[in-house]
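One structure is given here, and the rest of the page talks about it.
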There are 2 protein chains.
Amino acid sequence: MTNSDRTTSTEASAAAAPGKEHGREPGRGPGRGPGKRERLVAAAAQMLHQQGVEATTLADIAKAAGIPLGNVYYYFKTKADIIAAVIEAHAAAIGSMLGGIQAGQADPAARLKALFATLAGENEMVARYGCPHGTLCQELAKHADGAGAPDASPLVRIPIDWAERQFAAMGRADARDLAIQVIAAYQGAALLTSALRDPAVLERESRRMAAWIDSLR
Amino acid sequence: MTNSDRTTSTEASAAAAPGKEHGREPGRGPGRGPGKRERLVAAAAQMLHQQGVEATTLADIAKAAGIPLGNVYYYFKTKADIIAAVIEAHAAAIGSMLGGIQAGQADPAARLKALFATLAGENEMVARYGCPHGTLCQELAKHADGAGAPDASPLVRIPIDWAERQFAAMGRADARDLAIQVIAAYQGAALLTSALRDPAVLERESRRMAAWIDSLR
DNA sequence: GTCTATAGCCAGATAGAC
DNA sequence: GTCTATCTGGCTATAGAC
């Protein structure tokens, strides 16, 4: 899916904060600096999304985070480790977005529609760079042979599982299939939206899915 | 979509033919050797699909085609040129696959179902590496700024346009939306199938779409 | 903990013999 | 047309001063 409204840890804040971050207040023990690691992960998430995994260099990430290249290796041993941290941050953001929807809506159909309403706010970004989660999954899935590449599949598995629970709560015996169908529809629309550079594709598909969910009650 | 049955120019034949290809028979004029360019494009299509654009090196392609690295530059000036040639080969293969369906089936709904029947033969490959066309679109769309990256959007636009004509022939006023919906559903299912490494996802979605097309008549 | 400098490797691209 | 050898630059990762 995508980073939600409360996406502090992934994309929204990445480009900002170019300061050098010296002179942090003491009292937090010999920790790893005030949010430098977080800034690196946020910058990495944005660069990976906009440029793709292979095209993004550690120098790109360090520069976007306002941190010298060599210092990156104090926080992450390899590039694969940074990617894994980005995946974890995305997974956490997805979980908290879904948790927020869950807390705010009692009706499962309303929850599913709330998900698409949230995603609708990112259509322009998706039209330019694709869904941050879907594209990451697709790129990493090719290299999942043996070693190296982290597993990004939770980024689609978490929303599928959540949607399945909603459909099950609606009394659908085919909840799993419906969940896969709805997440696939979103991912496919996101792909076409970015391939065709047309946010209207995703808008129309999202509206259609909302109507479809209503038709299931 | 994918390369069809008659995919000689794209993926199926790539890994074969490691010979050095000296001693070609004369009589074809000062052409560029018997199919060396074609072999390069076929090898490139396979490597781009399996490894992704950025991870694939010209040395990979040359090796897969059984051609020395330096010779690649006799046929293609840059890596971007090879990618463009791969896109053209894919587009040609898609066109000829759809043309074959068009010629073999008169009923538009039957044609649409024939498309999914053809695609069904590649589910295992898609589960491992994703849809060759969709993943290429997604990777190249990120870098479409200004210069460099060729445009892969015909790879989704051609099937959408074709599906639109079929839905229009079925008398549907919303033919364009239905076409986008059906291609998006396939692409999304392909993405989930490769992310989850489960060909059954694509199988189920394809069956569901075939039933859905029948329901439209 | 932070940062500069650089090692070591491998990519895309070129030169030029055959 | 074909192929070997190589240039140049940029990448990941490390060494080691501060």
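Chain A is the first sequence line, chain B the second, and so forth, proteins listed ahead of strands; every chain is numbered from 1.
Each of B/D151, B/L48, B/I87 was evaluated against B/L140; a single residue qualifies, B/I87, per the side-chain contact (heavy atoms from CB on, under 4.5 Å) test.
Going from atom CZ of A/F76 over to atom P of D/dA13 covers 13 Å, rounded to whole Å. To the nearest angstrom, P of D/dA15 lies 16 Å from CG of A/N71.
B/D177 and A/R207 are not joined by a salt bridge, as no carboxylate oxygen comes within less than 4.0 angstrom of a charged side-chain nitrogen.
Note that the CG atom of B/D198 and the CZ atom of B/R204 stand 6.5 Å from one another [nearest 0.5 Å]. In this structure, CG on A/L58 lies 5.0 Å from CD1 on A/I82, to the nearest 0.5 angstrom. Taking OG1 of B/T56 as the reference point, atom CD of B/Q51 lies at 4.0 Å (rounded to 0.5 Å). A/H90 NE2 to A/L136 CG: the interatomic distance, rounded to the nearest 0.5 Å, is 6.0 Å.
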Are any protein N/O atoms closer than 3.5 Å to N/O atoms in nucleotides 9-13 of chain C? If there are, list each pair with its distance.
from	atom 1	to	atom 2	distance (Å)
C/dG12	OP1	B/K79	NZ	3.3
C/dG12	OP2	B/L58	N	2.9
C/dA13	OP2	B/K79	N	3.0
C/dA13	N7	B/Y73	OH	3.2

Between the protein and nucleotides 15-18 of chain C, list every N/O to N/O distance that falls short of 3.5 Å.
none

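Contact annotation: B/Y74 side-chain N/O to D/dT2 OP1/OP2 distance is not under 4.0 Å. Distances shown here put every side-chain N or O of A/Y75 at or beyond 4.0 Å from the OP1 or OP2 atom of C/dG1.
Proximity of a side-chain donor or acceptor of B/K142 to a complementary backbone N or O of A/H49 within less than 3.5 Å is detected.
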_Show, in sequence, the C-alpha distance, side-chain angles and deciding distance for A/Q166 and A/R111, and conclude whether the side-chain hydrogen bond (donor to acceptor under 3.5 Å, both in side chains) test is met._
CA-CA 8 Å; A/Q166 309 315 314; A/R111 285 174 177 166; 3.2 Å; yes
